[in-house]
Structure formats: structure tokens, C-alpha cells
Amino acid sequence: MQTKKLGFGLMRLPLNDKTNAGDIDVEQVKQMVDTFLAKGFTYFDTAWMYCGFQSEPVTKTVLVDRHPRDSYTLATKLHSGFIDSLEDRDKVFQAQLEKTGVTYFDYYLLHGIEASSLPKYERLDCFGWLLDKKAKGLVKHAGFSFHASAELLDEILTKHPEMEFVQLQINYLDWESEWVQSRKCYEVAVKHGKQVVVMEPVKGGTLAKVPAEAEKLFRAQEPKLSVPSWAIRFAASLDHVMMVLSGMSNLEQMNDNLSYMEDFRPLTEEEKKLTGKVADIINAQIAVPCTGCSYCTEGCPRKIAIPQYFSLYNEDMREELEEKGWTANFAQYETLAGKFGRAKDCEECGQCESVCPQHLPIIEKLKEVSAHFDH
């Protein structure tokens with residue numbers, strides 16, 4: 001099966017009710033899946049908790065029940081937050097087979113490894129467990145996704161050379177970030193001879209809508225290409241990247257991605273330098289570098305819509321910098337607050353910060369959001 005570099009991330013699927021992560025627009029996703037496969041793309045990525053725990057069951061409905069097993073590759077993951085014993089590993093895995101309707105996974109990952117979760121993965125021998133699943137034919141390729149320092153990644157790959165691939169957050173905004181360390185982590189993976197799957201290439205939509213100054217630079221270089229295309233192509237241009245995941249939220253986004261990834265053309269050196277200039281412009285304006293993964297919301301005792309509030313806050317900060325005056329984000333904040341907790345309701349329990357892949361100071365940032373919106 002010929003592999004193209006664009007993967008369908010089943011994490012930000014279109015919703016009927018945008019305030020309900022599990023209320024997926026199944027009919028639109030069916031259209032997206034059919035279009036994706038028709039263009040020769042095959043890689044689908046899901047996980048246990050995506051879309052309010054509904055991503056895996058929906059994968060069965062839109063993909064597995066409707067297309068031959070040899071026409072697609074499917075990846076899913078084991079997350080440390082949902083296992084506490086050796087038995088839990090198999091319970092989750094078996095449930096995933098049943099929820100997705102497949103008899104094996106093409107790619108299986110230990111999910112979101114970082115300094116705080118690694119000890120549990122080691123204590124429960126999840127690396128050895130995953131290799132056993134591979135030996136039994138239940139998993140074709142074993143790897144892990146990673147959200148931490150290049151130094152820790154080097155330690156893991158040195159200790160576990162049997163892992164075949166690593167999934168990393170790579171985008172042109174985080175490429176030189178000392179916090180995310182996209183470039184450094186990529187270079188570690190290359191040093192160990194591992195293929196790389198890219199997550200968050202558009203940084204949760206941040207790189208789909210860039211400041212006007214940055215957009216002008218892109219338009220001047222390639223008038224016909226969309227703004228997010230630069231982010232996807234940046235990641236796909238890296239030699240050791242085997243797949244770039246895009247969490248496409250509607251058919252329009254998918255068609256745009258397919259338009260330039262069907263016959264992919266890597267960035268030139270001049271274009272790579274341009275993405276660096278755009279990153280500088282964005283970094284000067286972004287208030288909270290949230291990717292909108294929503295890991296923080298599931299356990300929030302006050303049910304605060306953290307990613308949505310950060311998104312509104314980022315938009316308002318950008319609007320103020322561009323001196324456009326009042327925006328409609330205050331009204332949107334009030335609408336969300338009618339169903340979820342307000343930013344000022346934060347109890348500072350720290351649950352959100354303990355699971356944030358970006359390691360954001362969420363509690364402090366919610367105070368900023370509250371100071372801006374809660375009047």
C-alpha cells in the first residue's frame with residue numbers, strides 16, 4: 001500500500017453541538033473518510049479519550065464497517081491515565097478492539113509520554129506488553145507519542161530501541177521553542193533511526209489563522225495556497241517524517257489539505273526561512289499557546305471550558321494589538337459560561353496542569369482570562 005504523508009487525526013471531528021465533544025456529525029465524517037480514501041490517503045489516528053471517548057466507536061461506524069480492512073491503516077493508543085494495573089492494559093486494549101471493530105491495529109502507541117507518566121509505563125511494563133501484542137499479530141508497529149524534553153526522549157529511545165517510531169509535536173511555531181523542543185526532539189529521533197509521526201502541525205488551529213502581517217508574507221510567496229498549508233508542508237518536508245496528522249474538523253479543511261498533499265511538494269529553503277519569519281510574528285502576539293486538545297477539561301471539577309476561553313482570549317489579545325477595538329468574544333464567552341464554569345470559578349486544584357501536554361500554567365492564565373472577561 002503506497003503511503004502518502006497526510007494522516008486523518010480523529011480528534012477534532014465536526015460536531016453537531018460544539019459544546020458537546022461527543023456529539024459527532026457522523027454523516028459529515030463519513031464523507032470525509034470516503035474523500036480521504038478516494039484520494040489515496042490511508043492513515044487514521046484515534047485514541048481512547050478523543051471526542052469525549054466517542055472517537056473509537058465512530059471510527060468503527062465511519063471507517064471499519066464501510067471499507068475493506070486492507071484499504072486503510074489505523075492507529076490508536078494506551079494512555080497512562082486509564083490504567084492502574086497489569087490487567088488494565090489488556091482491558092483497555094480489548095475494549096479498543098471491540099470499539100473500533102478491528103482484529104489488529106496497524107500502529108499502536110503508548111500515549112503522551114512525559115516525565116510524570118513514564119514511571120507508570122515502566123512500572124506496568126507497557127513497553128514489553130506492547131511488544132508482546134506485536135508478537136501476537138495484534139499490533140503491526142509499536143511506538144509512542146511524546147511531550148517532553150529531547151534529553152528524556154534520548155533516554156527512552158536508548159533504553160527501548162525496540163520502539164519503531166515516535167509521534168512528536170512539530171510545527172514551525174514550536175520548531176525552535178525551548179519549551180516544546182520540536183527541532184531537538186526530531187533530531188533525537190533521527191539519531192536513533194526512528195521514523196516520526198507529526199502531531200499538532202497546525203498547533204490546534206493557531207497556524208490556520210495567523211496575524212495579517214504574517215498572512216501577507218505567505219500570500220506574496222504563494223497566492224493560491226491556504227495559510228494552514230504552510231504548516232502541514234513544513235512538517236511533511238522533514239526527511240524522517242513518515243506521516244503528518246491533521247485534526248480536520250470539516251470537509252472544507254480536508255479538501256484544502258488534500259489539494260496540496262495529493263502531489264506533495266516540499267518547502268524550498270527560501271520558504272523554510274519564511275516560516276521562521278512568520279513564527280516570530282505570531283510569537284510576538286500569542287497570549288496562551290494552547291492547542292485545544294481538551295485533555296484539561298475532562299477532570300475539571302467546575303467544568304470550565306478552558307481551551308475555548310483561551311481561544312477567545314487569544315483572539316481578543318490579537319485584536320487589541322491590531323487596534324481593531326471591541327470584538328464579539330465577550331458575547332461568546334457569556335454564551336459558553338451559561339453552560340460551563342467561568343474562568344473565575346477555577347479552584348486551583350491543578351488537575352488541568354497535571355495533564356496538559358504543553359505544560360501550560362493554566363491556573364495563572366485563567367486568572368488573566370477572568371480579568372479580561374469577568375466583569
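Positions are given from 1 along the sequence.
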State plainly whether one hydrophobic cluster holds both I232 and L207, where clusters connect Ile, Leu, Val, Met, Phe, Trp and Tyr through side-chain heavy atoms under 4.5 angstrom apart.
yes

May I ask whether M163 and L245 are part of the same hydrophobic cluster, defined by side-chain heavy atoms of I, L, V, M, F, W, Y residues being less than 4.5 angstrom apart, directly or through others?
no

Charged N to carboxylate O under 4.0 angstrom, [X] versus [Y]?
X: K184; Y: E187; value: no
X: K120; Y: D84; value: yes
X: R342; Y: D374; value: yes
X: D90; Y: K133; value: yes
X: K277; Y: E270; value: no
X: K365; Y: E368; value: yes
X: R265; Y: E271; value: yes

[X] vs [Y] side-chain heavy atoms within contact, under 4.5 Å:
X: V139; Y: F93; value: yes
X: H67; Y: D34; value: yes
X: S85; Y: D88; value: yes
X: L238; Y: V196; value: no
X: L130; Y: F144; value: no
X: K30; Y: T61; value: yes
X: W129; Y: L86; value: no
X: F41; Y: M254; value: no

Heavy-atom donor-acceptor pair, [X] side chain to [Y] backbone, under 3.5 Å:
X: R89; Y: V92; result: no
X: Y121; Y: F127; result: no
X: T73; Y: T42; result: yes
X: S237; Y: L267; result: yes
X: D25; Y: L15; result: no

Could you check F36 against M248 for side-chain contact (heavy atoms from CB on, under 4.5 Å), going step by step and ending with a plain yes or no?
CA-CA 11 Å; F36 192 72; M248 295 169 272; 4.2 Å; yes

Can you list the steps and then say if Y107 with V197 is a side-chain contact (heavy atoms from CB on, under 4.5 Å)?
CA-CA 11 Å; Y107 294 85; V197 176; 5.9 Å; no

May I ask you to decide if the ring planes of F44 and Y72 are parallel, tilted or perpendicular, using 30° and 60° as cut-offs?
perpendicular

So, is the end of the K4 side chain (NZ or CZ) under 6.0 Å from the ring centre of F264 and within 45° of the ring's axis?
no

Partners of K5 by side chain to side chain contact (heavy atoms under 4.5 Å, CB included), sequence neighbours excluded?
A236, V241, M261

Among I286, N314, D174, N171, find the residue that satisfies the side-chain contact (heavy atoms from CB on, under 4.5 Å) test when tested with T206.
I286

Scan for side chain to side chain donor-acceptor pair (under 3.5 Å) pairs involving residues 141-150, sequence neighbours excluded, and state none if there are none.
H141-E164

By salt bridge (charged side-chain N to carboxylate O under 4.0 Å, His left out), E176 pairs with (sequence neighbours left out) R183

Using salt bridge (charged side-chain N to carboxylate O under 4.0 Å, His left out) as the criterion, list what pairs up with E87, not counting sequence neighbours.
none

Validation: residues 287-311 side-chain donor-acceptor distances under 3.5 Å, sequence neighbours left out:
unit_1	atom_1	unit_2	atom_2	d
Y295	OH	H111	NE2	3.0
T297	OG1	S294	O	2.9
Y309	OH	G341	O	2.8

Can you list everything that forms a side chain to side chain donor-acceptor pair (under 3.5 Å) with K136? Sequence neighbours excluded, please.
D132

Are K134 and E162 close enough, and set up right, to give a salt bridge (charged side-chain N to carboxylate O under 4.0 Å, His left out), and what steps lead you there?
CA-CA 11 Å; K134 182 183 175 185; E162 68 277 7; over 6 Å; no

Can you tell me how far apart CG (L97) and CZ (F105) are? Round to the nearest 0.5 Å.
4.5 Å

If only side-chain N and O atoms count, and only distance matters, is there a donor-acceptor pair under 3.5 Å linking [Y] with [X]?
X: Y108; Y: Q96; result: yes
X: E151; Y: Q181; result: no
X: T100; Y: T59; result: no

Go through the steps to decide whether S226 and Y260 satisfy the test side-chain contact (heavy atoms from CB on, under 4.5 Å), and finish with yes or no.
CA-CA 9 Å; S226 67; Y260 56 82; 4.1 Å; yes

Working note: W230 + V278, criterion side-chain contact (heavy atoms from CB on, under 4.5 Å); need CA distance, chi angles, decisive distance, verdict.
CA-CA 10 Å; W230 286 87; V278 168; over 6 Å; no

R69 vs D106, salt bridge (charged side-chain N to carboxylate O under 4.0 Å, His left out): CA-CA, chis, key distance, verdict
CA-CA 10 Å; R69 183 63 182 92; D106 299 278; 2.8 Å; yes

